[in-house]
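In what follows, chains carry the letters A, B, and so on, assigned in the order in which the sequence lines appear, proteins first and then strands, with residues in each chain numbered from 1. All heavy atoms count here, side chains included; hydrogens, waters and symmetry mates do not. In this text the structure is predicted, and so the values were computed from the model without any measurement.
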Amino acid sequence: MGIKGLTKLLNDEAPGCIKEAELSSYTGRKVAIDASMALYQFIIAIRSGSEGFAAQVLTNEQGEITSHIQGIFNRTIRMLTNGIKPVYVFDGKPPTLKSGELAKRMARRQEAQSKLEAAESVEDKEKYGKRLTRVTRKHSEDAMKLLRLMGVPVVQAPCEAEAQCAELARAGKVWATGTEDMDALCFRTPKLLRRLTFGAANKQPVMEVDYQKAIDGLGLTYEQFVDLCILCGCDYTDTIKGIGPKTALKLVRTHGSIANVVRSLDKKKYQVPAGWIKGSNPAPSAKPDEATEGEDGLEGEGASNKENSEKNESAPPESDEKKKAEDAEKADDA
DNA sequence: CCTCTCCCAGGAGACGGG
DNA sequence: GCCCGTCC
DNA sequence: ACATCCTGGGAGAG
């Protein structure tokens with residue numbers, strides 16, 4: 001996940017938008033965290049007996065996974081100990097992941113699936129079974145229950161958790177989004193905190209990115225920033241060979257939008273992937289520029305301007321906005 | 001100057017006793 | 001502070 | 001996904 005070379009680009013072109021600090025300097029801050037992402041990592045990472053034979057997840061007497069409970073518990077305790085107030089945000093409707101990454105995951109998953117069925121040895125079955133790991137509804141419910149018992153606020157996002165985290169931050173309900181994924185900036189979270197899980201005892205400090213300083217430093221609008229990220233290469237689209245972060249920035253600055261950039265490119269020199277941005281498509285879809293505006297009610301999903309032909313995700317209705325706000329109020333009590 | 005490719009090292013959750 | 005064993 | 005897999009940094013060519 002992430003935007004290729006974005007961290008370096010920001011360091012080079014928007015100096016000051018990234019800074020590092022001790023965990024202790026965030027005492028008292030409320031931070032929104034994508035719960036599903038955390039759960040997935042815990043389920044993958046927390047295993048016992050990795051040195052011996054069977055690398056197994058932690059389970060209860062019924063054989064159900066409990067790694068995620070252990071992980072969420074420890075991490076939450078750690079943050080609370082440091083005076084940081086987490087707000088866990090759970091995914092709602094599965095996001096319309098873009099064709100690229102989604103297809104890739106699907107392919108990998110199906111490959112594992114078929115290999116699992118073909119597997120004869122116990123080892124193989126175990127091996128391929130692991131590749132099918134995913135966060136289930138039950139895992140999420142377990143975590144929600146735990147968090148509620150701990151008095152930690154939980155938010156149910158209408159769609160993508162990352163987008164919701166950014167909205168909470170924009171609304172001032174939390175101070176920042178805690179994530180390892182720079183994609184969060186594309187949802188306009190005012191502050192992004194990386195390596196928040198590493199404590200004082202650990203090596204790297206917390207990394208803090210200021211969204212406003214970032215786009216100001218780059219000299220771009222929000223829409224242009226999203227376009228830049230797409231050009232740099234994100235999870236959802238292929239990149240154009242020969243165009244890296246520096247060139248992408250220059251192009252967006254010069255032409256103003258990704259549609260204009262693509263239009264102006266020498267197609268003989270640069271291979272634009274099939275089915276790319278509308279500007280590359282002979283059939284113009286309405287007004288390209290408007291597709292990137294947030295006026296349709298879609299939160300964040302700026303990157304969705306490339307999928308305007310697909311079923312547009314039903315926009316998060318106002319009621320969801322209120323619901324999340326209410327939930328976040330509880331954060332104040334914690 | 002910028003990008004691409006290749007290679008390789010390191011990390012992949014957190015705690016706590018020794 | 002590091003090294004590992006442990007967490008279920 | 002720990003008998004693997006992914007990422008980031010550096011070298012070197014185009």
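Rounding to whole angstrom units, CG of residue A/N11 and P of D/dG8 are separated by 13 Å. The interatomic distance linking A/R194 (CZ) with D/dG8 (P) rounds to 7 Å, in whole Å. Atom NZ in A/K250 sits roughly 8 Å away from atom P in B/dT3 (whole-Å rounding). Distance A/E180 CD to B/dG13 C1': 12 Å, rounded to the nearest Å. Atom-to-atom, NZ of A/K8 to C1' of B/dT3 comes out at 12 Å; the value is rounded to the nearest Å. Note: OH (A/Y40) to P (B/dA12) measures 17 Å, nearest angstrom. In this structure, the CD atom of A/Q70 is 11 Å from the P atom of B/dG16, given to the nearest Å. Per the geometry, CG belonging to A/L58 stands 16 Å off P belonging to C/dG5, to the nearest Å.
Rounded to whole Å, the P atom of B/dC8 lies 39 Å from the corresponding atom of C/dC7. C/dG5 and B/dA9 are spaced 26 Å apart, taking the C1' atom of each and rounding to whole Å. One P atom belongs to B/dG11, the other to C/dC4, and the distance between them is 15 Å to the nearest Å. Comparing the same atom, P, in B/dG10 and in C/dC3 gives a spacing of 13 Å after rounding to whole Å.
Within 4.0 Å (heavy atoms only), A/T66 reaches sugar-phosphate atoms of the nucleic acid but no base atom. Here A/G71 lies out of heavy-atom contact (under 4.0 Å) with every strand. A/I243 comes within contact range of the sugar-phosphate backbone alone, with a heavy-atom separation under 4.0 Å but no base atom that close. Residue A/I240 is classed as a sugar-phosphate contact, given heavy-atom separations below 4.0 Å to backbone atoms only.
Of the listed nucleotides (D/dC2, B/dG13, B/dC2), B/dC2 has the atom at the smallest distance from the side chain of A/K246. Distance from the side chain of A/T197 is smallest for B/dA14 among the nucleotides C/dC7, B/dA14, B/dT3. Ranking C/dC8, B/dA14, B/dT3 by closeness to the A/N60 side chain, first place goes to C/dC8. The nucleotide whose nearest atom lies closest to any side-chain atom of A/R47 is, among D/dC2, B/dA14, B/dC2, D/dC2. In the set D/dG8, B/dT3, C/dC7, the nucleotide with an atom closest to the side chain of A/I46 is C/dC7. Closest to the A/T247 side chain, of the nucleotides B/dC15, B/dG13, B/dC2, is B/dC2.
Nearest heavy atoms, A/P86 versus A/T76: CG-CG2, 4.1 Å.
A heavy-atom distance below 4.5 Å is found between the side chains of A/H139 and A/T136. In this structure, the side chains of A/V152 and A/L80 come closer than 4.5 Å at one or more pairs of heavy atoms.
Taking 4.0 Å as the cut-off between side-chain N and carboxylate O, A/E167 and A/K173 do not count as a salt-bridged pair. Looking at A/K138 and A/E141, no side-chain N of the basic residue comes within less than 4.0 Å of a carboxylate O on the acidic one, giving no salt bridge.
Ring-plane geometry between A/Y211 and A/F225 is classed as perpendicular, the angle between the planes exceeding 60 degrees on a 0 to 90 degree scale with a lower cut at 30.
Note on A/K4: every side-chain N or O is 4.0 Å or more away from OP1 and OP2 of B/dC4. Listed pair A/R75 / B/dA14 meets the phosphate criterion, a side-chain N or O lying under 4.0 Å from OP1 or OP2.
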